[in-house]
Amino acid sequence: MSTPESPVTSNFIRTIINEDFESGKRDQVITRFPPEPNGYLHIGHAKSFSLNFGLAEDFNGRCHLRFDDTNPVKEEDEYVEAIQEDVHWLGFDWGEHLHFASDYFDQFYLWAVQLINAGKAYVDSQTAEQMRENRGTLTEPGLDSPYRDRSIEENLELFDKMKKGDFPDGAHILRAKIDMSSPNMNLRDPAMYRILHAHHHRTGDKWCIYPMYDFAHGQGDSIEGVTYSICTLEFEDHRPLYEWFIKELGIFAPQQIEFARLNLSFTVMSKRKLLQLVNDKHVSGWDDPRMPTLVGMRRRGYPPEAIRTFCERIGVGKGASWIDLSVLEECVREQLNKTAFRRQAVLNPLKVTLSNYPTDQIEELDAPNHPQQPELGTRKLPFSHELYIDRDDFMEDPPKKFFRLGPGREVRLRNGYIIKCDEVIKDENGEVVELKCSADLDTLGKNPVGRKVKGIIHWVSASQAKKVEVRLYDRLFNQENPDKAENYLNAINPESVKISTALVEPGLLEAKNGTTFQFERVGYFTVDSEDSQSGKPVFNRTVTLRDTWAKLK
RNA sequence: UGGGGCGUGGCCAAGCGGUAAGGCACUGGAUUUUGAUUCCAGCAUUCCCAGGUUCGAUCCCUGGCGCCCCAGCCA
């Protein structure tokens with residue numbers, strides 16, 4: 001529902017619907033999300049189903065989930081399950097309306113016979129190659145098939161035999177008799193049914209002829225009473241055919257509306273390419289945290305709310321658009337900032353020894369789980385004379401704008417004391433290996449009088465810190481549009497993941513799979529649900545924090 | 001050069017004849033025990049271009065230019 005808190009910006013589809021309601025052309029919104037169960041859903045699909053479910057919700061209608069399973073050689077039950085899970089994950093529900101195009105195969109068959117009887121469809125016996133040759137080109141009309149004028153009786157008989165399995169794949173095909181010289185290629189006697197001796201994931205071996213998309217989609221919409229059949233731009237040229245079948249069949253007419261599919265910078269969206277990334281092991285699977293799939297994003301730690309916000313924020317239009325990855329990342333940060341518990345973790349440790357802190361003392365400091373939301377409670381942070389800080393937070397010869405640690409400088413330990421760097425210890429190679437510091441013991445929870453310490457750095461206590469694996473993910477491609485590369489595989493970012501070890505506060509060992517934390521000053525990290533073991537979590541970097549200092553550098 | 005679409009700031013996107021919403025990005029500045037967050041401020045005299053209609057055009061008309069899609073027995 002659109003509320004004052006989440007204003008929905010207008011788009012051309014809403015405008016159409018509003019006009020239809022006002023003119024009385026329609027009085028309800030029934031939409032559908034029609035994936036083919038041949039792969040996992042990606043963020044582009046999320047745009048589509050958020051639109052469909054969102055519209056239904058806003059206009060008090062309903063949205064169906066219908067699997068467009070008309071091509072048995074590509075479809076599997078595994079995907080049917082995964083797709084439902086993903087749609088649910090984003091919080092949408094189709095209620096009673098889970099449908100399959102294959103549920104309508106009997107009806108489709110009857111309709112095909114109806115069109116044959118009306119002289120509007122015929123069995124063609126040309127080979128696929130011949131059909132292609134006779135289809136003409138974009139600028140030249142096609143040629144009628146020599147089988148175009150078969151009698152209705154002969155067509156009926158042949159189609160019946162096709163159905164009974166008397167012919168091998170490709171021997172014949174049922175075509176709509178429209179116009180071989182149409183400037184719209186889709187109207188040049190399009191295929192309606194092909195012979196496919198293949199096992200279907202739902203209908204088994206009942207059929208050996210299967211309807212084409214064009215002879216199934218609109219009719220499926222019609223059967224379900226779909227009022228607005230929303231699809232992507234490449235189907236614009238199919239709309240006249242969609243309407244032709246509906247009209248010739250004399251059945252309820254849904255309205256097809258096309259919108260631009262999503263393109264996200266630094267990623268690829270085509271199923272073929274995503275499949276290749278998986279098959280060729282460029283990623284670990286469909287759920288690799290770098291994949292634009294919903295399973296991948298879930299594993300990465302993107303919250304479903306963030307993806308929904310993203311889908312609303314990008315709008316809906318008809319111009320081929322490229323959305324900047326930063327839009328998605330900002331939606332993720334926005335959501336996580338509100339919900340993620342804060343923790344401290346050091347990714348690149350540098351030892352700090354406090355010379356004036358008792359070597360046998362261990363303190364338990366209180367630290368809020370969320371500084372802006374005290375109601376989320378606190379946790380205890382062990383503190384001792386030996387700590388680790390991040391190497392990035394120390395510079396031996398710092399530039400003027402650097403306000404972290406350096407020789408003789410003071411810095412605040414997050415949730416702890418202010419310390420001062422007294423001495424820098426190096427190894428034989430001149431590498432800084434340790435910092436000797438002194439703590440101002442009167443600065444816990446309060447600022448010192450007379451001086452201002454601007455720098456605040458995170459840390460862990462050396463003896464209590466735990467080692468965990470962290471996976472630092474970055475964009476999978478290093479070109480905005482990987483398709484512009486000679487080969488998109490060449491645009492793969494060789495540093496899209498870096499595995500390393502981090503030192504974290506001890507409580508993090510008990511973190512549950514799938515939960516996300518903010519490692520303060522670093523980024524959001526989510527416990528990997530595949531590779532983590534009890535007491536041995538693996539953290540996926542979901543997204544970094546914004547870093548204006550990195551920009552200054 | 002057949003047909004179908006689309007052109008509003010760096011990226012999206014409202015607007016539908018009355019004088020350019022919003023988001024992301026970016027730039028300042030304030031607050032801050034996260035250089036995060038939050039907060040304020042700035043960021044298109046102009047809507048692909050050229051004509052025309054009109055008191056007035058991003059919105060209407062004409063003509064250009066640019067980009068996307070279509071020749072699967074895929075969806």
Side-chain angles (χ1 to χ4, degrees), chain A residues 7 9-11 15 34-36 38 68-71 73-74 124 126-128 131-133 135-142 169-175 181-188 190-196 210 212-214 216-217 231-240 258 260 265 271 309 312-331 333-334 337-338 342 344 367-368 371-372 401-404 412-416 418 443-447 453-458 480 518-523 544-552:
Chain A
T9 137
S10 176
N11 63 53
T15 304
E36 182 186 16
N38 68 344
D68 240 337
D69 55 349
T70 56
N71 186 359
V73 305
K74 296 170 79 176
D124 196 347
Q126 295 182 100
T127 62
M131 271 182 64
R132 186 178 355 101
E133 282 162 21
R135 189 153 27 232
T137 68
L138 294 178
T139 52
E140 305 162 71
D169 290 3
H172 305 280
I173 190 159
L174 184 71
R175 290 229 256 176
S181 63
S182 172
N184 181 344
M185 302 297 291
N186 293 298
L187 263 19
R188 320 247 262 228
M192 292 166 59
Y193 263 98
R194 76 285 215 184
I195 300 172
L196 235 38
Y210 292 92
M212 298 290 292
Y213 164 85
D214 286 304
H217 201 92
C231 60
T232 44
L233 251 27
E234 66 271 26
F235 291 103
E236 275 179 319
D237 290 340
H238 292 246
R239 190 178 349 117
E258 310 85 9
S265 63
K271 230 172 240 184
T309 301
E312 280 167 28
R313 203 166 275 184
I314 59 177
V316 180
K318 298 198 70 162
S321 59
W322 280 87
I323 307 291
D324 201 279
L325 228 208
S326 66
V327 180
L328 211 209
E329 291 183 336
E330 191 48 31
C331 291
R333 289 192 191 101
E334 192 175 298
N337 177 48
K338 289 187 282 193
R342 309 293 118 128
Q344 287 183 178
Q372 278 81 43
K401 300 279 260 179
F402 186 85
F403 42 81
R404 274 112 95 151
R412 157 80 66 183
L413 290 177
R414 175 72 169 157
N415 296 310
I418 287 173
T443 53
L444 189 59
K446 57 181 171 181
N447 286 121
V453 177
K454 183 141 172 92
I456 298 154
I457 65 173
H458 54 97
E480 273 205 36
Q518 183 195 96
F519 289 176
E520 287 189 298
R521 304 210 310 129
V522 180
T544 60
L545 249 29
R546 289 181 67 191
D547 188 353
T548 35
W549 166 244
K551 280 177 202 154
L552 282 176

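Chain A is the first sequence line, chain B the second, and so forth, proteins listed ahead of strands; every chain is numbered from 1.
- The nearest whole Å value for the distance from the CH2 atom in A:Trp322 to the C1' atom in B:G9 is 21 Å.
- Residue pairs meeting the salt bridge (Lys or Arg N to Asp or Glu O under 4.0 Å) criterion with at least one partner in residues 315-325 of chain A, sequence neighbours excluded, are A:Glu236-A:Lys318, A:Glu258-A:Lys318.
- Distance from the side chain of A:Ser321 is smallest for B:C12 among the nucleotides B:C12, B:U37, B:G35.
- With values rounded to the nearest 0.5 angstrom, A:Arg313 atom CZ is found 12.0 Å from A:Ile323 atom CD1.
- From A:Thr9, atom OG1 reaches atom CD1 of A:Ile314 across 11.5 Å, with rounding to the nearest 0.5 Å.
- Listed by chain and residue number, A:Arg333 satisfy the salt bridge (Lys or Arg N to Asp or Glu O under 4.0 Å) test with A:Glu330 (two or more places apart in sequence, or in another chain).
- Among the atoms of the strands shown, none is found under 4.0 Å from any heavy atom of A:Gly455.
- Take A:Lys446 and apply the salt bridge (Lys or Arg N to Asp or Glu O under 4.0 Å) test, not counting sequence neighbours, and it matches A:Asp442.
- The separation between A:Glu312 atom CD and B:A14 atom P is 14 Å, rounded to whole Å.
- Of all nucleotides listed (B:G35, B:G15, B:U34), B:G35 comes nearest to the side chain of A:Leu552.
- Scanning atom types as modelled, no donor and acceptor separated by under 3.5 angstrom connect the side chain of A:Arg521 and the base of B:U34.
- B:C16 and B:A21 are spaced 13 Å apart, taking the P atom of each and rounding to whole Å.
- When the nucleotides B:A75, B:U34, B:G35 are ranked by their closest atom to the side chain of A:Arg414, B:U34 comes out on top.
- A:Phe402 comes within 4.0 angstrom of a nucleotide base, judged by non-hydrogen atoms across all strands.
- The base of B:U38 does not come close enough to the side chain of A:Gln372 for any donor and acceptor atom to sit less than 3.5 Å apart.
- Every residue meeting the ring-ring contact (aromatic ring centres under 6.0 Å, His included) condition with A:Tyr213, not counting sequence neighbours, appears here in chain and number order: A:His217, A:Phe235.
- Among the heavy atoms of the strands, none lies under 4.0 Å from A:Glu329.
- At the heavy-atom level, A:Lys454 lies under 4.0 Å from base atoms of the strands shown.
- At the phosphate of B:U33, neither OP1 nor OP2 sits under 4.0 Å from any side-chain N or O atom of A:Thr443.
- Nucleotides B:C6 and B:A14 are separated by 13 Å at their P atoms, to the nearest Å.
- In this view, A:Arg521 and A:Asp393 satisfy the salt bridge (Lys or Arg N to Asp or Glu O under 4.0 Å) rule, not counting sequence neighbours.
- Side-chain atoms of A:Thr443 come within 3.5 Å of backbone N or O of A:Ile418 as a donor-acceptor pair.
- Of the C1' atoms belonging to B:G42 and B:C48, the separation is 27 Å, rounded to the nearest Å.
- In this structure, B:G22 is classed as anti because its glycosidic torsion departs from zero by more than 90°.
- Using a 4.0 Å heavy-atom criterion, one finds that A:Leu187 contacts no nucleic acid atom at all.
- One P atom belongs to B:U46, the other to B:A57, and the distance between them is 14 Å to the nearest Å.
- RNA chain B contains the following stems of three or more consecutive Watson-Crick or G-U pairs, with both distances under 3.5 Å: B:2-7 with B:65-70, B:10-12 with B:22-24, B:26-30 with B:38-42, B:48-52 with B:60-64.
- Residue A:Gly416 is in base contact, counting any heavy-atom pair closer than 4.0 Å across all strands shown.
- Contacts of A:Arg404 with the nucleic acid, taken as non-hydrogen atoms under 4.0 Å apart, include base atoms.
- Between the CD atom in A:Glu520 and the CG atom in A:Leu545 there is a gap of 9.0 Å [rounded to 0.5 Å].
- One atom, CD of A:Glu258, and another, P of B:G5, lie 9 Å apart when rounded to the nearest Å.
- To the nearest whole angstrom, the two P atoms, one in B:U27 and one in B:A36, are 12 Å apart.
- If you take atom C1' in B:G3 and the same atom in B:A71, they sit 12 Å apart, rounded to whole Å.
- Within 4.0 Å of A:Asn11, counting heavy atoms only, lie sugar-phosphate atoms of the nucleic acid but no base atom.
- Atom CD1 in A:Ile323 sits about 7 Å away from atom C1' in B:C11, given to the nearest Å.
- Among the protein residues, A:Asn415 comes within range of the nucleic acid bases, having at least one heavy atom under 4.0 Å from a base atom.
- When the C1' atom is used for both B:C26 and B:C61, the distance is 39 Å, rounded to whole Å.
- The distance from atom CG of A:Leu413 to atom P of B:U34 is 13 Å, rounded to the nearest whole Å.
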- request: Summarise protein proximity over nucleotides 69-74 of chain B in one line of letters, 5' to 3': B for base, S for sugar-phosphate only, - for none, counting protein heavy atoms closer than 4.0 Å.
  value: BBBSBB
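- Atoms OG1 and CD, on A:Thr309 and A:Glu334 in that order, are 6.0 Å from each other to the nearest 0.5 Å.
- In this structure, the NZ atom of A:Lys318 is 19 Å from the P atom of B:C16, given to the nearest Å.
- Here A:Pro141 pairs with A:Ser181 under the side chain to side chain contact (heavy atoms under 4.5 Å, CB included) rule; sequence neighbours left out.
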message: Protein within reach of the bases, or only the backbone? For nucleotides 20-26 of chain B, mark each nucleotide 5' to 3' as B, S or -, using heavy atoms under 4.0 Å.
response: ---SSSS
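- Nearest-nucleotide mapping onto RNA chain B: of A:Val316 and A:Arg239, the residue sitting toward the 5' end is A:Arg239.
- Going from atom CG of A:Asp547 over to atom C1' of B:U34 covers 11 Å, rounded to whole Å.
- Across all strands, A:Pro35 comes closer than 4.0 Å to no nucleic acid atom at all (heavy-atom distances).
- Considering only residues two or more places apart in sequence or on other chains, A:Met131 meets the side chain to side chain contact (heavy atoms under 4.5 Å, CB included) condition with A:Asp124, A:Gln126, A:Arg135, A:Ile173, A:Arg175.
- Relative to the side chain of A:Trp549, the nucleotides B:G5, B:A13, B:G35 differ in distance, and B:G35 lies closest.
- Across the C1' atoms, B:U37 and B:C70 are found 49 Å apart, a figure rounded to whole Å.
- Taking atom CD of A:Gln344 as the reference point, atom P of B:A36 lies 17 Å away to the nearest angstrom.
- Applying the 4.0 Å criterion to OP1 and OP2 of B:C11, one finds that A:Ser265 has every side-chain N and O outside that range.
- In this structure, CG in A:Asp237 is found 10.5 Å from CE in A:Met185, a value given to the nearest 0.5 Å.
- Among residues two or more places apart in sequence or in another chain, the side chain to side chain contact (heavy atoms under 4.5 Å, CB included) test is passed with A:Asn71 by A:Glu36, A:Val73, A:Lys74, A:Glu75, A:Arg194, A:Leu196.
- Residues that satisfy the side chain to side chain contact (heavy atoms under 4.5 Å, CB included) test with A:Gln372, not counting sequence neighbours, are A:Arg342, A:His370.
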